[in-house]
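A quick write-up on the structure given underneath.
Just so you know, these numbers use all the heavy atoms, side chains as well, and skip hydrogens, waters and symmetry mates. Lettering of chains follows the sequences in order, A, B, ..., and the numbering in each one begins at 1.
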Number of protein chains: 2
Amino acid sequence: MNETRWLDAREMAAWTAFLDASHRVFRSVEQQLKDDAGLSHPQYEILVKLGAAGAAGIRMTELAESLITSKSGLTYQIGQLEKRGLVTRGACPTDVRGVTARLTESGRAALTEAAPGHVARVREALIDVLDRDQLDTLAQALGRVSDRLRDG
Amino acid sequence: MNETRWLDAREMAAWTAFLDASHRVFRSVEQQLKDDAGLSHPQYEILVKLGAAGAAGIRMTELAESLITSKSGLTYQIGQLEKRGLVTRGACPTDVRGVTARLTESGRAALTEAAPGHVARVREALIDVLDRDQLDTLAQALGRVSDRLRDG
DNA sequence: GGCTGGTTGTTCAAATTGGAATCACCGGCT
DNA sequence: AGCCGGTGATTCCAATTTGAACAACCAGCC
């Protein structure tokens, strides 16, 4: 049983800033999307991924992993979006069990409509607050963090 | 209506890394706490704040703000922790309406027990993955982001 | 062919969350 | 003292989240 290596001032500052900023940024983004587009952030992210996937759509499991959410949670949200006509479910060509989600025309329109306000808020909350070097360091550092956790 | 300033590659990289790392780090931390201490991350954060507050305790509203959560959510979680005997509610000396939450002995013990494993996971997921400069930049950049959102 | 371990997506129950409504109280003002 | 807008905390409700259980199916191997 090793002795605990507590966080020093520098490390604690980084951790609390990360915690605090994450909570605040997500809260801010959530608010904007809800108010201006009637979408939750998870829902918006689904639309973005589906938008990028094109006509072929994406498998549920793959989508869940890319969104870093649970499969059951995704099933629920896709259900919600399907009810609103923004998304359709289709059979997967290569696997009978598989389900592919696709954006409808209406869904693509909703995304197009929601995107500008969302980007503006992301700039306001995070991007435009940082300078070029900070952006690069952030991308590199947190990219590394993500990669480690994805593999580990 | 201004034209939308979309995110360029650098900005998009920072945003997606931030999104991705946040989801993954929180998920990892949540998992560790649940498995090893039977606490959710929000609950652990409550214990930490109460631990820092000492015998005087903290007012509910102040605690909610410092945790960046809703008041109703905090009421619920404090209720859960109270059931387990980790926290007590007391009257506020200066305001009859006020409620101050305090850590019990048992709560302090639970915190002491949970802390090492939690810190280890935070290191593993975030801190030890970064070098000194990255930590400093992260703290400075995200600190700035937090401050802006807190005031705005 | 038939078995077996792993995968896919959904369903289920339980826990959590946030916002609106509510009730009691504070503090300044008349 | 009495009024009034604002604050503190809880309650209530609807929406969401997660993991476990489940049923159907894939793929490699005997």
Q. Any idea which of dG18(C), dA9(D), dA24(C) is nearest the R27(A) side chain?
A. dG18(C)

Q.
Within the 3.5 Å criterion, strictly below it, is a donor on S22(B) or S22(A) matched to an acceptor on the partner's side chain?
A. yes

Q. Looking across every strand, which nucleic acid part, if any, lies under 4.0 Å from T69(A) by heavy atom: base, sugar-phosphate, or nothing?
A. sugar-phosphate

**Q.** Residue-phosphate contact under 4.0 Å: Q31(A) side-chain N/O, dG19(C) OP1/OP2
**A.** yes

Q) Going by atom types only, do R121(B) and S28(B) share a side-chain donor-acceptor pair under 3.5 Å? A) yes

**Q.** dT17(C) OP1/OP2 closer than 4.0 Å to side-chain N/O of Q77(B)
**A.** yes

Q. Can you check whether Q80(A) has a side-chain N or O nearer than 4.0 Å to OP1 or OP2 of dT16(D)?
A. yes

Q. Name the one of T88(A), L86(A), L103(A) that satisfies side chain to side chain contact (heavy atoms under 4.5 Å, CB included) with L50(A)?
A. L103(A)

Q) Of all the nucleotides listed (dA9(D), dC25(C), dG9(C)), which has the minimum atom distance to the side chain of V99(B)? A) dA9(D)

Q. M60(B) has a side chain; which of dT8(C), dC25(C), dA9(D) sits nearest to it?
A. dA9(D)

Q: Select one nucleotide: of dC25(D), dA9(D), dC26(C), the one nearest the side-chain heavy atoms of R97(A).
A: dC25(D)

Q | Distance in angstrom units between K71(B) NZ and dG8(D) C1', rounded | A | 6 Å

Q: Classify the nucleic acid contact of G98(B) as base, sugar-phosphate or nothing, counting any heavy atom under 4.0 Å across all strands shown.
A: sugar-phosphate

Q: For this output row, return yes or no: ring centroids of F26(A) and H23(B) closer than 6.0 angstrom.
A: yes

Q: Figure out the CD1/C1' separation between I68(B) and dT17(C), and round it to whole Å.
A: 16 Å

Q) Between V96(A) and P42(A), which is nearer to the 5' end of DNA chain D once each is assigned its nearest nucleotide? A) P42(A)

Q) Atom NZ of K34(B) and atom C1' of dA14(C): how far apart are they, to the nearest Å? A) 11 Å

**Q.** Short side-chain N/O contact from R89(A) to OP1 or OP2 of dG9(C), under 4.0 Å
**A.** no

(Q) I want to verify a distance call: between dT8(C), dG9(C), dT16(C), whose nearest atom is closest to the Q43(B) side chain? (A) dT16(C)

Q: Would you kindly check whether a donor in the side chain of S72(A) faces an acceptor in the base of dG19(D), or vice versa, at under 3.5 angstrom?
A: yes

Q.
Between R59(B) and dT7(D), is there a contact of a side-chain N or O with OP1 or OP2 at under 4.0 Å?
A. no

Q) Quick one: which of dT17(C), dA15(D), dT10(D) gets closest to the side chain of T75(B)? A) dT10(D)

(Q) Please report the distance, rounded to the nearest Å, between CG in L74(B) and C1' in dT11(D). (A) 14 Å

Q) With nearest nucleotides of DNA chain D determined for Y76(B) and T94(A) from heavy-atom distances, which residue corresponds to the more 5′ nucleotide? A) Y76(B)

Q.
Between P on dT16(D) and CD on E30(A), what's the gap in Å once rounded to a whole number?
A. 10 Å

Q: Tell me yes or no: between the side chains of Q43(A) and R84(A), is some donor less than 3.5 Å from an acceptor?
A: yes

